[in-house]
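Below is one structure, written out as structure tokens, with a few remarks after it.
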Amino acid sequence: MRTLLVTGAAGFIGANFVRMLVRRQEPVRLIAVDKLTYAGNLANIQDVIDNHRVIFVKGDICDAELMGRLWDQYAIREVVHFAAESHVDRSILGSGPFIQANVVGTQVLLDTARAKGVDRYLQVSTDEVYGTLPEDRPEIKFTEETPLAPNSPYSASKAAADCLVRSYFHTFKLPVLITRCSNNYGPYQFPEKLIPLFVTNLIEGRQVPLYGDGMNVRDWLYVEDHCEAIWAVLNKGRVGEVYNIGGNNEIPNRKITETILDEMGKKWAESVQYVKDRPGHDRRYAIDATKIKRELGWSPRYRFGEAMKTTIQWYHQNENWWRAIKSGEYLQYYNQQYGQR
Ligand code: NAD
Ligand code: TYD
């Protein structure tokens with residue numbers, strides 16, 4: 001049976017990926033490693049660990065000795081690397097942890113894969129490495145050839161990791177693949193990101209903090225579509241290649257906010273608070289996903305309206321999950337970021 005190392009498996013997308021493979025009964029043994037930072041939550045995958053479908057190891061990907069041991073103990077031959085510090089606003093407060101987890105962590109995994117051997121190594125990256133697009137040129141989107149031009153410490157650390165991955169293909173012939181996806185939404189997303197933050201604030205009867213003029217545009221993709229795309233690239237992608245993943249679903253933040261308010265029966269005037277813009281806030285992201293469609297036959301299956309309803313419902317039905325987060329260490333961050341409200 002194939003043995004797959006999934007890093008960051010207790011985070012938002014990693015957990016959805018692991019849950020999807022288990023649900024579909026894919027014939028793979030899953031070794032899930034996660035440091036359980038503030039964003040990692042064992043509750044996201046506890047049931048599949050208890051059912052002996054996933055082997056969980058609490059650990060840091062920067063720990064070279066541990067990574068080597070995992071390779072030997074479980075005969076790892078494939079890697080899907082999700083683990084990262086992932087929140088732009090936190091990277092503005094301090095970039096150190098981003099360089100450590102995203103750059104050094106990737107270097108340790110690459111060196112371990114190189115020393116111990118690997119059949120496929122997939123780096124989960126982001127469209128944010130390409131920088132920002134002009135809002136008055138809708139015909140321009142990010143392709144795999146778009147030069148890297150990261151604008152936040154988060155995206156700079158992800159771009160640095162991508163460059164390292166690329167170099168291990170060219171220099172050492174390591175069989176790597178890189179995916180660059182647009183903004184995800186869905187169950188288990190940490191409530192510091194736009195959609196779960198706004199939904200949970202509204203359930204709590206609080207206002208939602210909209211940055212700047214609220215007209216920044218993101219290309220939103222349901223997390224399950226992202227996970228399916230990663231699985232397609234892992235199985236069928238050409239090594240050494242980059243694959244963009246996106247929903248062809250550009251939406252300004254104001255429209256996202258309206259969609260959430262409508263679905264939750266809330267009024268704009270009493271619910272939305274415009275707050276100071278994020279420094280260096282990228283104006284627009286848009287993905288051209290022609291390559292993955294043409295080569296691997298992937299395209300998104302979920303429609304935005306329906307998947308948003310499912311997502312909002314999930315946060316309604318899982319209050320214990322996010323209330324535990326919002327009352328913990330996160331509260332301190334929230335007050336620092338948005339002030340006490
Ligand atoms: P997340 O913050 O929810 O999860 C990240 C996970 O990595 C957490 O469980 C955390 O504990 C773990 N982790 C962090 N540092 C670690 C370390 N040193 N060792 C082991 N584990 C560590 O993030 P996410 O939204 O699930 O994103 C997963 C990946 O997908 C990231 O690489 C991110 O850059 C990329 N990505 C995210 C999006 C998005 O919209 N969320 C879009 C495109 C790409
Ligand atoms: P976010 O979910 O942080 O993802 P990213 O910055 O990686 O795209 O933010 C999505 C968009 O929502 C982005 O344009 C910033 C904006 N935003 C707000 O307006 N208010 C908020 O409180 C947050 C967290 C984000």
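We count residues from 1, following the sequence as given. First listed ligand is number 1; within each ligand, the first listed atom is number 1.
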Q: Looking only at protein heavy atoms, identify the closest one to atom 22 (O) of ligand 2 and say how far it is in Å.
A: Tyr338 OH, 2.6 Å
Q | Proximal ligand 1 atoms for Thr37, defined as those under 4.0 Å from one of its heavy atoms | A | 10 (C), 11 (O), 14 (C), 15 (N)
Q.
Can you name the atoms of ligand 1, numbered from 1 with element, that are less than 4.0 Å from a heavy atom of Asp60?
A. 17 (C), 18 (N), 19 (N)
Q | Pick from Tyr211, Tyr185, Tyr274: the one approaching atom 23 (C) of ligand 2 most closely through a non-hydrogen atom | A | Tyr211
Q) So do Asp225 and Glu228 actually touch side chain to side chain, heavy atoms under 4.5 Å? A) yes
Q: Give the numbers and elements of all ligand 1 atoms closer than 4.0 Å to a heavy atom of Lys158.
A: 31 (C), 32 (O), 33 (C), 34 (O)
Q | Closest protein heavy atom (residue, atom, distance) for atom 37 (C) of ligand 1 | A | Ile13 CD1, 3.4 Å
**Q.** The one among Asp89, Leu194, Leu210 that brings a heavy atom closest to atom 10 (C) of ligand 2
**A.** Leu194
Q: For atom 15 (C) of ligand 2, state which one of His281, His87, Gln189, Arg254 supplies the nearest heavy atom.
A: His281
Q: Compute both the distance and the angle, then confirm whether Arg180 meets the cation-pi test with Tyr243: under 6.0 Å from the six-membered ring centre, within 45 degrees of the axis.
A: no
Q) To the nearest 0.1 Å, how far is atom 11 (O) of ligand 1 from its closest protein heavy atom, and which atom is that? A) Asp34 OD1, 2.5 Å
(Q) So if I count the atoms of ligand 2 from 1 in the order they appear, which ones are less than 4.0 Å from some heavy atom of Val88? (A) 6 (O), 7 (O)
Q: Report yes or no: does a heavy atom of Phe82 sit under 4.0 Å from some atom of ligand 1?
A: yes
Q.
Using a 4.0 Å cutoff against the non-hydrogen atoms of Ala10, which atoms of ligand 1 qualify?
A. 9 (O)
(Q) Just to verify, which of Leu36, Val48, Val33, Asp50 counts as forming a side-chain contact (heavy atoms from CB on, under 4.5 Å) with Phe56? (A) Leu36
Q.
Evaluate Ser182 against Asp127 for side chain to side chain donor-acceptor pair (under 3.5 Å), listing each step before the verdict.
A. CA-CA 5 Å; Ser182 57; Asp127 61 354; 4.8 Å; no
(Q) Which residue and atom name correspond to the protein heavy atom nearest atom 14 (C) of ligand 1, and how close is it? (A) Ala84 O, 3.5 Å
(Q) With a 4.5 Å cut-off on side-chain heavy atoms, are Tyr154 and Asn102 touching? (A) yes
Q. Taking distance alone, with no angle check, do Ala83 and ligand 1 share an N/O pair under 3.5 Å?
A. no
Q) Counting each atom of ligand 1 from 1 as listed, which ones have a heavy atom of Asn183 under 4.0 Å away? A) 40 (O)
Q) Is any N or O atom of Asn216, backbone or side chain, closer than 3.5 Å to an N or O atom of ligand 2? A) no
**Q.** Pair Tyr315-Asn318, side chain to side chain donor-acceptor pair (under 3.5 Å): steps then yes or no
**A.** CA-CA 5 Å; Tyr315 286 92; Asn318 290 276; over 6 Å; no
Q.
Heavy-atom distances under 4.0 Å decide this one: backbone, side chain, both or neither, for Asn183 against ligand 2?
A. side chain
Q: Using the six-membered ring wherever Trp is involved, compare the ring planes of His87 and Tyr333 and label them parallel, tilted or perpendicular (cut-offs 30° and 60°).
A: perpendicular
Q) Side chain, backbone, both or neither: which part of Asn102 comes within less than 4.0 Å of ligand 1 when only heavy atoms are counted? A) neither
Q.
With the threshold set at under 4.0 angstrom, would you say Gly105 reaches ligand 1 through any of its heavy atoms?
A. no
Q: Provide, to 0.1 Å, the distance between atom 34 (O) of ligand 1 and the closest protein heavy atom, together with that atom's residue and name.
A: Tyr154 OH, 2.6 Å
Q. What part of Leu197, side chain, backbone, both or neither, has a heavy atom within less than 4.0 angstrom of ligand 2?
A. side chain
**Q.** N-O pairing of Lys267 and Glu270 below 4.0 Å
**A.** no
(Q) If the cut-off is 4.0 Å to any non-hydrogen atom of Gly59, which atoms of ligand 1 fall inside it? (A) 19 (N), 20 (C)
(Q) Against ligand 1, does Tyr38 come closer than 4.0 Å with any heavy atom? (A) no
Q) atom 20 (N) of ligand 2: which protein heavy atom is closest, and how many Å away? A) Pro209 O, 2.7 Å
Q | Heavy-atom nearest neighbour in the protein, as seen from atom 19 (N) of ligand 1, with distance rounded to 0.1 Å | A | Ile61 N, 3.0 Å
Q: May I ask you to identify the nearest protein heavy atom to atom 16 (C) of ligand 2, giving residue, atom name and distance to one decimal place in Å?
A: Asn253 ND2, 3.4 Å
Q | Min N/O separation Asn184 to ligand 1 under 3.5 Å | A | yes
Q. Charged N to carboxylate O under 4.0 angstrom, Arg254 versus Glu258?
A. no
Q. Please state which protein non-hydrogen atom is closest to atom 16 (C) of ligand 1 and give its distance, to 0.1 Å?
A. Lys35 CB, 3.9 Å
Q. Quick one: do Lys58 and Asp34 make a salt bridge, cutoff under 4.0 Å?
A. no
Q: Could you tell me whether Ser182 approaches ligand 1 through its side chain, its backbone, both or neither, with non-hydrogen atoms closer than 4.0 Å?
A: backbone
Q. Would you call Arg120 and Glu78 a salt bridge, using N to O less than 4.0 angstrom?
A. no
Q) Can you tell if the side chain of Asp72 reaches within under 4.5 Å of the side chain of Lys116, non-hydrogen atoms only? A) yes
Q | Same cluster (ILVMFWY, side-chain, under 4.5 Å), Val239 and Leu109 | A | yes
Q. N/O of Gly11 under 3.5 Å from N/O of ligand 1, yes or no?
A. yes
Q) Which ligand 1 atoms does Leu36 reach within 4.0 Å, using its non-hydrogen atoms? A) 11 (O)
Q. Got a salt bridge between Glu26 and Arg2, using NZ or NE/NH1/NH2 to carboxylate O under 4.0 Å?
A. no
Q.
Is any side-chain heavy atom of Tyr222 closer than 4.5 Å to one of Thr311?
A. yes
Q) Can you tell me which residue and heavy atom of the protein come closest to atom 2 (O) of ligand 1, and the distance to 0.1 Å? A) Ser86 OG, 2.7 Å
Q. Touching ligand 1 at all, Ala15? Heavy atoms, strictly under 4.0 Å?
A. no
Q: Give the residue, atom name and distance (to 0.1 Å) of the protein heavy atom nearest atom 3 (O) of ligand 2.
A: Arg278 NH2, 3.0 Å
**Q.** ligand 1 versus Ser125: contacting region, heavy-atom distance under 4.0 Å
**A.** backbone
Q) Between Glu128 and Arg218, does at least one N-O distance fall below 4.0 Å, as a salt bridge requires? A) no
Q. What protein heavy atom sits nearest atom 43 (C) of ligand 1, and how far away is it?
A. Cys181 O, 3.4 Å
Q) Relative to the heavy atoms of Lys193, which atoms of ligand 2 are at a distance of less than 4.0 Å? A) 2 (O)
Q) Any Lys/Arg nitrogen of Asp219 or Arg284 sitting under 4.0 Å from an Asp/Glu carboxylate oxygen of the other? A) no
Q: Examine Arg114 relative to Phe172 and say whether NZ or CZ is less than 6.0 Å from the centre of the six-membered ring and inside a 45° cone about the ring axis.
A: yes
(Q) If you define the side chain from C-beta out and look only at heavy atoms, does anything of Asp282 sit under 4.5 Å from Val88? (A) no
Q: Answer yes when Glu295 and Lys236 have at least one side-chain N-carboxylate O distance shorter than 4.0 Å, and no when they do not.
A: no
**Q.** Side chain, backbone, both or neither: the part of Phe17 lying under 4.0 Å from ligand 1 by heavy atom
**A.** neither
Q. So does Asn248 have more than 12 non-hydrogen atoms from other groups sitting under 6.0 Å from CG?
A. no
(Q) Measuring from non-hydrogen atoms of Glu128 to any atom of ligand 2, is the shortest distance under 4.0 Å? (A) yes
